[in-house]
Amino acid sequence: MEYATVRELVANPENYADKQVAVYGWIRNNRDQKSFGFIALNDGTHFNTVQVVYEREFLENYDQVAAMGVGSAIRAAGKVVLTPEARQPFEIKAAEVNLEGASPADYPIQPKRHSREFLREVAHLRPRTNFFNAVFRVRSLLAFAIHRFFQERGFIYLHSPIITANDAEGAGELFRVTTLDPKEPPITDAGTVDYSRDFFGKRANLTVSGQLEAEAFALAFKDVYTFGPTFRAENSNTPRHAAEFWMIEPEIAFADINDNMDLAEDMVRYLINYLLENAKTEMDFFNQFVDKGLKERLEQIVNSKFARITYTEAVEQLQKTGQKFEYPVEWGRDLQTEHERCLTEKVYQKPVFVTDYPRSIKAFYMRVNHDQNTVAAMDLLVPGVGEIIGGSQREERAEVLEQSMADFNINSEDLWWYMDLRKYGGVKHAGFGLGFERILMYLTGVSNIRDVIPFPRTVNSCEF
RNA sequence: UCCUCAGUAGCUCAACGGCAGAGCGACCGGCUGUUAACCGGUAGGUUGCAGGUUCGAAUCCUGCCUGGGGAGCCA
């Protein structure tokens with residue numbers, strides 16, 4: 001007998017009409033009556049379940065089948081029957097239903113609505129629910145779409161190191177990587193821990209960004225991107241932060257901040273189109289049950305240019321609204337979350353690039369503008385999520401970079417190789433960091449980052 | 001780390017100083033086309049933990065733990 005996945009059946013039920021097939025899957029719901037019953041079966045290959053109809057008349061083990069609990073794995077074999085008048089387009093009239101793996105009555109996932117908070121506590125079982133099935137299928141598709149976008153444009157995919165010794169960058173708290181005995185580490189004459197006797201002969205940590213290494217590759221391959229895990233030991237407890245997340249960091253040479261924004265905008269638009277085309281079922285589900293205006297909003301974004309304003313203009317715009325903010329809007333202060341949300345959700349009601357921030361509130365590697373007071377930075381703000389992209393044109397002038405590093409108290413000798421990139425054939429270049437989970441949240445309407453990561457790691461939480 | 005809200009049956013919640021309850025789930029039974037089926041019944045509790053106030057605490061107070069939301073940090 002032919003074996004079929006639910007994906008294959010849903011794609012082409014007519015091909016299977018009146019044929020015998022076998023399906024394997026997990027019971028989502030089992031409703032029995034006196035002489036017949038219905039099983040909603042999901043095999044993971046498609047968002048939908050397939051309905052298996054079983055009848056006492058045809059099944060020797062009817063009572064056992066009727067007693068199979070939610071979560072049980074089964075094999076069901078029988079005839080595919082088209083049912084155009086019913087709620088589902090087809091069903092399987094079972095000739096055989098066999099238990100592959102039982103699921104006792106204390107299976108935590110019930111055929112009813114569960115809270116996201118509860119499902120986080122059973123993260124090993126939650127992918128079997130509708131919601132997480134959709135989320136993680138879209139996560140997979142989105143990762144593929146990102147590679148496709150860059151590969152189609154000739155970008156080189158760079159595996160930047162996960163363990164690094166760059167602690168000069170200042171992008172958040174670091175997870176230390178060490179093989180030293182925490183109880184009795186080697187001590188220097190000065191009484192401090194002697195990291196020269198650690199595994200790498202120096203302090204090492206998990207990466208907080210692959211940008212510096214990406215710059216090296218951009219200055220060899222022109223256009224590159226990284227896509228990998230990133231680690232921040234920040235004690236931040238919000239729906240938008242995780243200790244382990246994935247980041248995409250394109251870096252492009254012979255390019256300035258405008259090329260950088262064009263790339264970011266093209267990418268976001270490409271990703272939206274990709275999901276609307278390739279994840280219809282899931283996007284419809286999100287639109288219906290997670291975020292009612294999702295599809296309309298995404299479709300509108302595809303058809304409109306993103307707003308582009310400077311930090312200075314943003315400050316003026318915010319002051320013009322006359323809105324009362326908890327934190328005052330003042331040139332020289334960083335934009336607060338409430339300011340960013342106001343800009344993207346109220347003033348423009350679409351994605352907004354904010355550029356040319358004051359030098360003092362941005363990172364050392366950003367290119368200093370003519371005015372000497374601002375740098376060629378760009379943040380992309382989107383409604384609902386806030387900042388999803390942070391990037392800049394990089395400082396390619398060795399002497400200016402030296403000065404910035406001094407201003408930020410960073411020892412340029414520790415980053416000798418980064419300085420070398422300016423010394424040998426350094427050219428203008430730019431790049432940005434895109435939080436993978438942040439854009440996934442934005443594109444699905446899911447409001448908590450812990451619900452778009454298979455097994456999320458956050459402060460005080462490393463179960464599974 | 002700060003602010004704030006919450007923790008009661010497997011899940012979602014009610015009871016808000018006086019007998020600890022409902023819906024869903026589970027279990028048992030019924031039902032000839034169900035769709036988070038429906039109908040009847042049964043079981044299920046150290047009210048997050050530790051103290052305190054009171055004749056009496058799920059309820060009030062203190063501390064701690066856990067979770068949600070907001071802020072900061074950022075992607």
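Residue numbering restarts at 1 for every chain, and letters A, B, ... go by the order of the sequence lines. In what follows, every heavy atom counts, from backbone to side chain, and hydrogens, waters and symmetry copies are set aside.
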Tell me which pairs pass salt bridge (Lys or Arg N to Asp or Glu O under 4.0 Å) where either residue lies in [range], with sequence neighbours left out.
range                       : result
residues 450-464 of chain A : Arg120(A)-Asp451(A), Arg126(A)-Asp451(A)
residues 105-114 of chain A : none
residues 57-71 of chain A   : Arg56(A)-Asp63(A)
residues 23-32 of chain A   : none

Listed by chain and number, what are the side chain to side chain donor-acceptor pair (under 3.5 Å) partners of Asn42(A), not counting sequence neighbours? none

Listed partners of Thr238(A) passing side chain to side chain donor-acceptor pair (under 3.5 Å), at least two apart: His241(A)

Roughly how many Å is it from [atom1] in [X] to [atom2] in [N], rounded to a whole number?
X         : N      : atom1 : atom2 : value
Asn237(A) : U66(B) : CG    : P     : 11 Å
Gln288(A) : A36(B) : CD    : P     : 12 Å
Leu335(A) : G72(B) : CG    : C1'   : 15 Å
Asn42(A)  : A36(B) : CG    : C1'   : 15 Å
Asp334(A) : A71(B) : CG    : P     : 14 Å
Asn460(A) : C65(B) : CG    : P     : 9 Å
Arg450(A) : G67(B) : CZ    : C1'   : 9 Å
Asn448(A) : G67(B) : CG    : P     : 12 Å

Under 3.5 Å, which protein N or O atoms sit close to an N or O of nucleotides 3-13 of chain B? Give each pair with its distance.
{"unit_1": "G10(B)", "atom_1": "N2", "unit_2": "Gln110(A)", "atom_2": "OE1", "d": "2.9"}
{"unit_1": "G10(B)", "atom_1": "N2", "unit_2": "Gln110(A)", "atom_2": "NE2", "d": "3.1"}
{"unit_1": "G10(B)", "atom_1": "N3", "unit_2": "Gln110(A)", "atom_2": "NE2", "d": "3.1"}
{"unit_1": "C11(B)", "atom_1": "O2'", "unit_2": "His114(A)", "atom_2": "ND1", "d": "3.4"}
{"unit_1": "C11(B)", "atom_1": "O2", "unit_2": "Lys112(A)", "atom_2": "NZ", "d": "2.4"}
{"unit_1": "U12(B)", "atom_1": "OP1", "unit_2": "Ser115(A)", "atom_2": "OG", "d": "2.7"}

So, OP1 or OP2 of G68(B): does either fall under 4.0 Å of a side-chain N or O from Arg120(A)? yes

Polar-atom pairs under 3.5 Å, protein N or O versus N or O of nucleotides 41-50 of chain B: list them with distances, or write none.
none

Tyr107(A): what forms a ring-ring contact (aromatic ring centres under 6.0 Å, His included) with it, not counting sequence neighbours? none

So what does the secondary structure string of RNA chain B come out as, 5' to 3', with Watson-Crick or wobble pairs under 3.5 angstrom, [ ] for crossing and | for pairs with another strand? (((((((..((((....[..)))).(((((.......))))).....(((((..]....))))))))))))....

Just checking Ile389(A): base, sugar-phosphate only, or nothing, at a heavy-atom cut-off of under 4.0 Å? sugar-phosphate

By the 4.0 Å heavy-atom rule, please label Asn235(A) as base, sugar-phosphate, or nothing. base

Using the ring of each side chain (for Trp, its six-membered ring), is Tyr418(A) parallel, tilted or perpendicular to Phe364(A), with breaks at 30° and 60°? perpendicular

Does the plane of the ring in Phe132(A) sit parallel, tilted or perpendicular to the ring in Phe136(A)? Use 30° and 60° as the thresholds. parallel

Could you give the distance separating A58(B) and A14(B) at their C1' atoms, to the nearest angstrom? 12 Å

Do Phe150(A) and Tyr157(A) have their ring centres less than 6.0 Å from each other? no

Suppose we call two aromatic rings close when their centres sit under 6.0 Å apart. Are Phe47(A) and Phe285(A) close by that rule? yes

Look at the side chain of [X] and decide which nucleotide, out of [options], has an atom nearest to it.
X         : options                : value
Gln336(A) : C73(B), G72(B), U1(B)  : G72(B)
His241(A) : U34(B), G72(B), G25(B) : G72(B)
Glu234(A) : G72(B), G68(B), C73(B) : C73(B)

Just by protein heavy atoms under 4.0 Å, how would nucleotides 28-33 of chain B read 5' to 3' in B, S and -? ---BSB

Could you pull out every donor-acceptor pair under 3.5 Å between side chains of residues 223-231 of chain A and any protein atom, sequence neighbours left out?
{"unit_1": "Tyr225(A)", "atom_1": "OH", "unit_2": "His147(A)", "atom_2": "ND1", "d": "2.7"}
{"unit_1": "Tyr225(A)", "atom_1": "OH", "unit_2": "Gln151(A)", "atom_2": "NE2", "d": "2.9"}
{"unit_1": "Thr226(A)", "atom_1": "OG1", "unit_2": "Glu249(A)", "atom_2": "N", "d": "3.4"}

In terms of the nearest nucleotide of RNA chain B, which residue is placed more toward the 5' end: Thr238(A) or Ile449(A)? Thr238(A)

Tell me whether Arg333(A) forms a cation-pi arrangement with Tyr327(A), defined as NZ or CZ under 6.0 Å from the six-membered ring centre and within 45 degrees of its axis. no

Closer than 3.5 angstrom, by distance alone: can the side chain of Tyr62(A) be matched with the main-chain N or O of Phe36(A) as a donor-acceptor pair? yes

Salt bridge present between Glu387(A) and Arg240(A) (N-O < 4.0 angstrom): no

